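These notes are about the structure you will find just below.
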Amino acid sequence: MHNVFVVGQNAITSLGFTLDEHIDKIKNNISGVKRIDDKVLFPESFYASLIDNALLLQHFTTIGNSDSYTKFEQLLILSAHLALKDSTVNAASDKTIFIISTTKGNINLLDTRQCDSFPADRVYLWKAAQQIVRFFGNNITPIVISNACISGVVAINFANDLLSSGAYDNAVVIGGDIATKFVVSGFQSFKSMSFGICKPFDAHRDGLNLGEGAGTILLSTQAAEIDAKQSIKVIGGASSNDANHISGPSRTGDGLYFAVTKAMKQANITAQDVDFISAHGTATPFNDDMEAKAFHRAGLYDAPINSLKGYFGHTLGGAGIIESVISIEGMKENLMFNTLGYEEFGVEEPVTIVDHLTEKEQNYILKTASGFGGCNAAVIFAK
Amino acid sequence: MLITRSVHITHQRITCYKQTVFETSDVSIFTEFIKAAFKSLNTPYPKFYKMDTLSKLAFVASEFLLHDQDIAQRYAPESIGLVFQNAASSIDIDKDHQLTIQERANYFPSPALFVYTLPNIMMGEICIRNKFFGENALFITEKFDAQLLYNHVTVMLAKHKMDTCIAGWANVEQEQYESFLLLIEPETMVSNSKEFRTFDAANILKLYTI
């Protein structure tokens, strides 16, 4: 089995187009979540983290023809491009595979009045993925993972399994979703959206913020290309199902507990080794309780936990990747970022929430995600 | 590893290996066909009726696959994994949800519809029904990809992320539907192991194209 290293990263959200912009704003507790009053797209106002479309277009036109790519495709291409340009990974190589994580991709194409300038078949995720990899001149069929909100973590785990087996040298793992009337209306119908900036793990949390964004992690087994000081490895991961309810989190946390304990077993570490947890932390009442129960049961009561949702919302298919990217940057600097929105402890089991920017040596970090369909996933990164 | 059972649903027929286990020429539309197939199992499970077309298809395929298999008794629930593929995601219910939000004058998005606008919900329904707590992965591929399925399941089994796997394909778009599921188990867990095919890409394709 080969070691799988993180050799490049990017995130694009309302906070910016580079990692530096993200880290700078996160260190200063700046949120990109804002009140959205766009009555044409969304009948009711809501709080969300949206990317400035004009800025996205401006960035994209420096690398490609914006008429050929939908907003979703532009976002993922731009993120992968920014991660790749500072790396030695050859995106066009037949030893490089693209893995794409998304929940709804180009779902806005279903509304033909809004989007009639693209072929209707681009609503198929495999088709959108082909369009994305062609940009990079890659000829390997891309892998698309669409597993609700755990898609990003499942994509990283899949890439790790694939690369460690030696099938490819490099994986470009991209995840993302855009904010659409389709998704916003659905979450509004569920009444799961917060009436302000979300408050993960807080006693007064009232729901989530949707966010749009993309993230990219470049993984490689080619150790020669790695700066030893900065080398972060993916060392294990797992997923699970709650077997409880398709839209409500498990009341017991059993599913997430299984994913976390299996991931630690895969990584050959114990709960005591975990220095930090980047939780899913959507800030819905049930989700955060479920996570606290699962972490507590897994013996992870001392490992500090944060949620990044207060900075850029829940980016759905992007979340597992964007939040891993930010947490890996923190790990490199031995920093744990504040859980923006959190003030007063409010979950059912005692866990440690990161409530200010904190320095801590981090050798092993755990990233988790949970989603509709009762699915959970966990991945462990190591220095 | 062995393929201990397979189920194929397409063109108003359900087959297990080469045997037809359900067939009807009475109903021509998918929703009626899948309801008739479900009823033929005599399984009281009212949740079936509220599922979207994709979940109904995958659910019925899993019921035929797991019928009399007792796998929840033979394996730890967290070691039973699901690895699925699909091309059209949840396109049928996506279009239904889109209709509820298209016109401002007629705006009524429903959580009961919206929840099914994620294709992995079909795996959630199967896990709920059978109390499976293991791995879940859903790949979106243009066509059924036997090699991808074989490669991924093999790595997951080798890494002991799961001990047994329900793997395959479930796809529906209006009247075009097909599901093909396999039950994959280690030789050590099967008493009459010589009766079954080895789990490899060639055998998967053979079963798929019977």
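The structure presented is a predicted model; accordingly, all values stated were derived computationally and were not measured. A note on names: the letters A, B, ... follow the listed sequences, proteins ahead of strands, and every chain is numbered from 1. Side chains are part of it too, since the values below use all heavy atoms of this structure and drop only hydrogens, waters and symmetry mates.
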For the residue pair B:R129 and B:Y45, would you count it as a cation-pi contact if the rule is NZ or CZ under 6.0 angstrom from the ring centre and within 45 degrees of the ring axis?
yes

Going by distance alone, is a donor N or O of one side chain under 3.5 Å from an acceptor N or O of the other, for A:T103 and A:D177?
yes

Would you tell me whether B:D52 and B:S55 have side-chain atoms, one donor and one acceptor, within less than 3.5 Å of each other?
yes

When you check the side-chain N and O atoms of B:E185 and B:Y75, is any donor under 3.5 Å from an acceptor?
yes

With only heavy atoms counted, which part of B:L148 is less than 4.5 Å from chain A, the side chain, the backbone, both or neither?
side chain

Top contributor to chain B interface from A:G237, A:S146, A:S247 [non-hydrogen pairs under 4.5 Å]
A:S146

Pair B:F33 + B:Y177: ring centers closer than 6.0 Å
yes

Sort B:V155 into side chain, backbone, both or neither according to what part of it lies under 4.5 angstrom from a heavy atom of chain A.
side chain

Given a strict heavy-atom distance threshold of 4.5 Å, which part of A:S165 is in contact with chain B: side chain, backbone, both, or neither?
side chain

Contact part of A:I145 toward chain B, heavy-atom cut-off under 4.5 Å: side chain, backbone, both or neither?
both

Is it the side chain or the backbone of A:K262 that comes within 4.5 Å of chain B heavy atoms, both, or neither?
side chain

Region of A:F182 that comes under 4.5 Å of a non-hydrogen atom in chain B:
both

Portion of A:K104 that has a non-hydrogen atom of chain B nearer than 4.5 angstrom
side chain

Taking the side chain as every heavy atom from C-beta outward, state whether A:H314 and A:H280 have any pair of such atoms under 4.5 Å apart.
yes

Qualifying residue for side chain to side chain contact (heavy atoms under 4.5 Å, CB included) with B:L82, from B:I126, B:L138, B:L181:
B:I126

Measure B:S110 against the heavy atoms of chain A and call it side chain, backbone, both or neither at under 4.5 Å.
backbone

Measure distances from B:T117 to the heavy atoms of chain A and classify the residue's part below 4.5 Å as side chain, backbone, both or neither.
both

Relative to chain A, which segment of B:Y116 carries a heavy atom at a distance below 4.5 Å: side chain, backbone, both, or neither?
side chain

Looking just at side-chain N and O atoms, do B:D94 and B:Q98 make a donor-acceptor pair shorter than 3.5 Å?
no

Return the option, out of B:Y107, B:F132, B:F108, with the maximum number of heavy-atom pairs under 4.5 Å with chain A.
B:Y107

Among A:A263, A:S239, A:A377, who wins on heavy-atom pairs under 4.5 Å with chain B?
A:S239

Mind ranking B:K159, B:K47, B:K95 by heavy-atom pairs under 4.5 Å with chain A and telling me who comes out on top?
B:K159

Most heavy-atom pairs under 4.5 Å with chain B, out of A:A148, A:G374, A:G371, belong to A:A148

Region of B:A87 that comes under 4.5 Å of a non-hydrogen atom in chain A:
both

Check each atom of A:T141 against the heavy atoms of chain B and say whether the ones under 4.5 Å are side chain, backbone, both or neither.
neither

Please state whether the side chain, the backbone, both or neither of B:L113 comes within less than 4.5 Å of a heavy atom of chain A.
neither

Per-residue contact mode, A:N244 against chain B (heavy atom under 4.5 angstrom)
backbone

A cation-pi test, strictly: NZ or CZ of A:R251 under 6.0 Å from the centre of the six-membered ring of A:F286 and no more than 45 degrees from its axis. Yes or no?
yes

Side chains of A:V184 and A:M193, heavy atoms from C-beta outward: is any pair under 4.5 Å?
yes

Interchain contact, B:F139 with chain A, by part (heavy-atom threshold 4.5 Å):
both

Contact origin within A:D242 toward chain B - heavy atom pairs under 4.5 Å
backbone

Is there a donor-acceptor contact under 3.5 Å linking the side chains of B:E178 and B:H8?
yes

Check whether any side-chain heavy atom of A:F72 sits under 4.5 Å from a side-chain heavy atom of A:L76, and report yes or no.
yes

With chain A, the option among B:M162, B:H97, B:H160 that has the most non-hydrogen atom pairs under 4.5 Å is B:H97

Restricting to non-hydrogen atoms, name the atom on B:A58 and the atom on B:A170 that form the minimum distance, rounded to 0.1 Å.
CB-CB, 3.9 Å

Where do B:F133 and A:N241 come nearest, in terms of heavy atoms and distance?
CD2-O, 3.1 Å

Taking side chain as everything from C-beta outward and backbone as N, CA, C, O, which of these in B:M156 sits under 4.5 Å from a heavy atom of chain A? Side chain, backbone, both or neither.
side chain

Among A:N157, A:V183, A:D254, A:N376, which residue has the highest count of heavy-atom pairs closer than 4.5 Å to chain B?
A:V183

